[in-house]
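Worksheet: one structure, shown below.
All heavy atoms count here, side chains included; hydrogens, waters and symmetry mates do not.
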Number of protein chains: 2
Amino acid sequence: MLQLYFFPMACSLASRIALMEAGLDVHYHLAHIWTKKVVDDGSDFLGVSPKGAVPVLVLENGERLTESAAVLQYIADVKPEAGLAPAFGDPDRYRLQEWLSFVGAEIHKAFLFPTFWCKDDGSLAKPRARVAETLSMPATHLADREFLVGNRFTVADAHLTWALLLLRPAGVDIAQWPSLSAYLERMQARPAVREAIATEMALRKTMAASPA
Amino acid sequence: MLQLYFFPMACSLASRIALMEAGLDVHYHLAHIWTKKVVDDGSDFLGVSPKGAVPVLVLENGERLTESAAVLQYIADVKPEAGLAPAFGDPDRYRLQEWLSFVGAEIHKAFLFPTFWCKDDGSLAKPRARVAETLSMPATHLADREFLVGNRFTVADAHLTWALLLLRPAGVDIAQWPSLSAYLERMQARPAVREAIATEMALRKTMAASPA
């Protein structure tokens with residue numbers, strides 16, 4: 001059985017969405033990304049992955065795969081009949097990789113990451129100034145499309161759905177891009193997406209209320 | 001013929017290295033990432049790609065592909081006999097994607113990008129504090145390996161080679177990670193890598209000396 005180390009509402013949510021869309025049985029482990037402890041048993045998360053970051057997908061052979069772009073493609077390929085990624089050889093596979101990179105680098109690493117990580121030092125003027133231009137890319141693309149790639153839900157949509165959800169706590173109102181807010185609403189109407197988010201929101205609330 | 005829009009010594013250098021390692025004939029266009037002009041003919045680079053960023057690979061069918069992780073995998077798959085990526089279906093393909101994501105997000109977007117982009121505002125304390133931990137990941141991995149993935153040069157090595165080259169102008173001396181400096185030396189000893197770097201360094205010097 002696959003195992004996923006996750007932190008509620010962190011970028012590993014995209015992997016959970018993909019796993020639930022694929023209907024895969026998975027053992028989920030909550031890894032605390034600040035304390036670097038695995039919550040199940042208090043063990044050292046750095047022993048699972050020296051990066052100390054989520055997602056970490058433990059494969060059937062015990063190997064550990066990190067980085068959303070790789071983990072999401074792996075999940076999609078475990079269950080090709082779920083159609084979560086264009087097949088290898090389909091030109092759209094590169095479009096999937098293009099969007100995974102864009103969400104991971106431009107929205108997550110260039111904006112969400114400094115926003116949540118540097119929030120105490122007032123050095124966010126440049127990331128904030130740039131995010132509207134960044135978001136105009138998927139907004140334009142989605143103006144006449146239901147999904148990011150092709151005409152069905154893929155792991156790129158799982159990735160973007162997570163990023164859009166985090167924009168609100170990061171202080172960005174996506175209502176200014178009607179195509180993005182309509183897209184997020186469509187994605188959240190999917191049962192697997194809704195359930196994945198509800199599960200992690202509930203866990204996150206428990207954690208916020210705890211002394212740790 | 002494939003076409004690559006590049007800016008000398010920007011991350012598109014990784015794509016040039018991959019194209020030259022593959023021995024592909026390519027039409028290169030210098031796109032100025034500050035002025036957003038294509039230097040060949042003064043045309044608007046935003047007309048080529050609204051992102052205004054390099055690399056942009058123009059495919060044989062005229063479509064334009066962006067994002068290094070996607071462009072590099074496309075190049076590798078155009079010429080599979082060059083062995084620049086494990087074949088689809090090989091588990092190492094996900095390791096390639098993992099490294100492409102790590103270099104693109106953690107070294108490029110979380111460190112090099114703010115270093116060169118925010119250099120005037122003194123807000124780099126956190127990216128700088130974090131980069132040693134980031135670089136310890138490939139340093140540890142390469143302590144007993146010649147290449148990032150498997151036992152041959154892949155596009156992940158092209159990507160990391162570019163990132164390591166940029167660390168020096170970003171003020172990071174990689175000599176503190178002997179496995180990284182030895183790796184960079186090995187990579188730079190490859191004829192295609194050496195030629196790609198020499199070509200772009202020469203172009204960059206011309207530009208720096210020009211009034212623009």
Side-chain angles (χ1 to χ4, degrees), chain A residues 11 49-53 57 59-61 63-75 77 87-111 113-114 117-127 129-130 133-134 136-137 140-141, chain B residues 11 49-53 57 59-61 63-75 77 87-111 113-114 117-127 129-130 133-134 136-137 140-141:
Chain A
C11 61
S49 170
K51 289 180 180 173
L57 187 70
L59 314 184
E60 302 282 0
N61 66 3
E63 285 190 21
R64 287 141 194 188
L65 187 66
T66 63
E67 303 290 330
S68 288
V71 167
L72 290 168
Q73 289 187 75
Y74 186 93
I75 293 168
D77 295 334
F88 289 130
D90 182 331
D92 269 351
R93 183 72 177 216
Y94 301 101
R95 296 297 168 195
L96 182 97
Q97 293 168 346
E98 184 177 42
W99 279 111
L100 290 175
S101 173
F102 183 82
V103 173
E106 300 298 336
I107 308 182
H108 182 191
K109 220 35 96 163
F111 179 71
F113 180 76
W117 185 62
C118 304
K119 59 185 167 187
D120 56 334
D121 69 4
S123 65
L124 293 170
K126 287 189 175 181
R130 195 167 169 270
E133 191 186 325
T134 300
S136 73
M137 300 297 158
T140 303
H141 184 75
Chain B
C11 62
S49 170
K51 290 180 179 172
L57 187 70
L59 313 184
E60 301 282 1
N61 66 4
E63 286 191 21
R64 287 141 194 187
L65 187 65
T66 63
E67 302 291 328
S68 289
V71 168
L72 289 168
Q73 289 188 76
Y74 185 93
I75 293 167
D77 296 334
F88 290 130
D90 183 331
D92 270 351
R93 183 72 177 217
Y94 301 100
R95 296 297 168 194
L96 182 97
Q97 293 168 346
E98 185 177 40
W99 280 110
L100 290 175
S101 173
F102 183 82
V103 173
E106 300 299 336
I107 308 182
H108 182 191
K109 219 36 99 166
F111 179 70
F113 180 76
W117 185 62
C118 304
K119 59 185 168 187
D120 54 335
D121 68 5
S123 64
L124 293 171
K126 287 190 174 180
R130 194 167 170 270
E133 191 186 325
T134 300
S136 73
M137 301 297 156
T140 303
H141 184 74

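- The most heavy-atom pairs under 4.5 Å with chain B, out of A:Arg93, A:Lys51, A:Glu98, come from A:Glu98.
- Of the atoms belonging to B:Phe113, it is side-chain heavy atoms, and not backbone ones, that fall under 4.5 Å from chain A.
- Between B:Asp77 and A:Tyr94 there is a side-chain heavy-atom pair separated by less than 4.5 Å.
- Ranking B:Pro91, B:Ser101, B:Ala105 against chain A, the residue ahead of the rest is B:Ser101, based on heavy-atom pairs under 4.5 Å.
- Of the listed residues (A:Arg95, A:Met137, A:Glu106), the greatest number of heavy-atom pairs within a distance under 4.5 Å of chain B belongs to A:Arg95.
- To the nearest 0.5 Å, the span separating NZ on B:Lys109 from NE2 on A:His108 amounts to 13.5 Å.
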